[in-house]
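Every value quoted in this text rests on a predicted model; they were computed, and no experiment measured them. Sequence lines set the chain letters: A, B, ... in the order given, protein chains first and strands last, and positions in each chain run from 1.
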Amino acid sequence: MPDPNAQTGKAMIEISGVTRKFGAFTALDRVSATINEGEFFSLLGPSGCGKTTLLRLIAGFDQPTEGGITIDGQPMEGMPANRRPTNMVFQSYAIFPHMNVQENVAYGLKRMRLDKAEEKRRVEEALTQVELGHLGKRRANELSGGQRQRVALARALVMRPKVLLLDEPLSALDKKLREQMQVELRHLQKQVGITFILVTHDQYEALAMSDRIAVMFDGQIAQVATPKDIYQRPVTRQVADFLGGMNFVSAEVAAENGTSLTLKTRGFGQVKTERPEGFVVNGGTATLGIRPERLRVLWDDDRSENEIAGRVVDRHYFGEITHLIVEIPDLETPLSVIETNDFGADDIPVGSQIRLAFDPDALVALRD
Amino acid sequence: MMKALTRGWLPGYAILYIAFLYLPVMLLPIFSVNSSPIPVFPLKGFSMKWYESLWGNDIMLNAARNTLVVGTASALVATILGICAARAITRYRFTGKRPMSGVIMAPLVLPEIIIAISLLLVLLQFGLGLSLMTVIVGHVLICLPYSITVLVSGFEGFDPSFEEASADLGETTFGTIRRVTLPMMMPAIVSSLLVSFTISLDEFMVAFFLSGREPTLPIYIWGQLRFAAKLPAVLALGTIMLVGSLVLLTVAEMYRRRAARKTLTEAGGLFA
Ligand SMILES: Nc1ncnc2c1ncn2[C@@H]1O[C@H](COP(=O)(O)OP(=O)(O)OP(=O)(O)O)[C@@H](O)[C@H]1O
Ligand SMILES: [Mg+2]
């Protein structure tokens, strides 16, 4: 049986050249993206990069200064929020305090004038989906943060929107609940098959939940890709840095063509890499990046085709992993290395000489 | 040392202060049920006759009716204007917001006689006759600062995302006001109505200058004070107004506190 929730690859939302200015300040600068039907899509970026602004443009709470948004083939220009096929889970949840849980969830259905039994059935279905079936009569101020979040979800899902928008829905929850809700949200999305757009500034949340991630900086989208590609093949130094640590090494461009670059570095020697999207050879230099966990400590007799030697200058213990700072004679900045503790990386003395192995595939060329 | 001193003095001071403030007021109900027409101790006996005499007094009843009309109308108008102003103050940023708020709040510190006389001059300039309408205009002016203060504190705790959530769920602007904004603001609105009504109820100066031939209760009372024989009945009337005002203000305060508590738990829950 084919998975009914598999992405169809059909475009659900098309954002084309959207700019939003607040006076002289440009909050969004010519943003374009396509979000597919049934996709879990995340907008990831630091505070103030324009994630909420973009989400509010999609929801219809705000209008773009330039450019347009299409939802399910329909241009949204001039369409007010109450007539768009989207629903939103607010960061503050915005649960109506003068209504109980059931009334909150039924709020949008009231305008559809369903018959009583049908309305009741849909409210109960939505509450069951978020596992709140037993709390229908509670008032908003008698709910915990996690429960409010579920009510907000149920209230939006009961409308059966084409797109569900979530603005940092988990940021108000404590760490443990947040991790549990990440799994549940992902599950729920697969189950209902609705397109989800999640705004977050937490890279782990985006990596764990999304089909694809758009990383934003200063009102622009820097890269759109699957979590794995975003993490392993970031195209700019900024993206690489935002998604966890990365070692940066400056390199010379020895050769180039449309799809690949050959870079020469001190330390890592000559490596052939993919050419990042939009890369321009400028003055013949580039930046090469490698994630700390892609560097491996070589023990006594271990040998590798690709080795690099250095001296441990610092060591940080994190329980299951150890973080080593290794000075390499040819490199201006020391490399950071993350090693699991199964083989005793936590016992490597500071000051000792070690050798590191690397996989040339783990080296990526980065745009500045 | 310091502490010991204040501990000895403060309660004493507080008791004296409260005594000065409330003892004279307490005399009002006491003498109003005294059977002697002269308000002196010792009391002669318990009697409700002064209250009964009010009932058949058509002039007094007419004044009471005027007071109710003026109070209700002033409370409604001041609250409606107050809602608009409070919403603008809390929701939008606009140039001239501070000076405008200042102007609206000015009646709070202006002597009422100044307000009354200037209003009278303006009305005479326009050739408008004095009536209950003119009293209502004056009372709205006086009630507005109180109404706005109560309403602003209500609207301040009102997160705009409630209205956005309503629109997002398909509701129209009008439907949102009806189903979300007004019900959530109800405690502040009721509180503003009661406070305004109470202020209008015992306002003297503006009513005195602007009421023309339609006296309100405070004007009626003032007129009666010239006749010593009428004093006990005035005391009875005063007692009724005192109790009424106290009840209204208590209800208003309870509503305000409930509203404050609601927004507090709201904020606590959201940002904890
Ligand atoms: N109504 C507005 N008027 C003026 N500037 C605004 C307005 N809304 C947003 N901005 C500005 O636009 C920029 C982007 O804001 P936005 O809320 O989209 O950021 P964000 O990415 O959601 O950040 P956060 O993670 O902090 O929520 C910010 O610098 C903000 O100050
Ligand atoms: Mg935001």
Go through the atoms of [X] and report whether side chain, backbone, both or neither lie under 4.5 Å from a heavy atom of chain B.
| X | value |
| --- | --- |
| A/M99 | side chain |
| A/F61 | side chain |
| A/M159 | side chain |
| A/R56 | side chain |

Should the heavy atoms of other residues, nucleotides or ligands under 6.0 Å from [atom1] of [X] be counted, would the total exceed 12?
| X | atom1 | answer |
| --- | --- | --- |
| A/H187 | NE2 | no |
| B/M133 | CE | no |
| A/Y204 | OH | no |
| A/E118 | CD | yes |
| A/R121 | CZ | yes |

Contact between [X] and [Y] at the side-chain level, heavy atoms closer than 4.5 Å - yes or no?
| X | Y | answer |
| --- | --- | --- |
| B/D168 | A/N82 | no |
| B/S166 | A/F96 | yes |
| A/P97 | B/F162 | yes |

task = Show your reasoning for whether side-chain contact (heavy atoms from CB on, under 4.5 Å) applies to B/R179 and A/K110.
result = CA-CA 11 Å; B/R179 292 177 68 193; A/K110 288 272 186 259; 3.5 Å; yes
note = Closest heavy-atom pair, A/Y107 versus B/T176, reported as atoms and distance to 0.1 Å, is OH-CA, 4.3 Å
task = Kindly give the heavy-atom pair with the smallest separation between B/S161 and A/S92, and that separation in Å.
result = OG-OG, 3.1 Å
query = In Å and rounded to the nearest 0.5 Å, what is the CG to CD distance from B/D159 to A/Q91?
reply = 10.5 Å
ask   = Counting only N and O atoms by type, is there a donor-acceptor contact under 3.5 Å from the side chain of A/R111 to the main-chain atoms of B/E171?
value = no
request  = With a 4.5 Å cut-off on heavy-atom pairs, point out which of A/R155, A/R84, A/M112 contacts chain B the most.
outcome  = A/R155
inquiry  = The test is side-chain contact (heavy atoms from CB on, under 4.5 Å); show your working for B/M186 and A/H98 and say whether it passes.
reply    = CA-CA 10 Å; B/M186 208 30 98; A/H98 58 297; over 6 Å; no
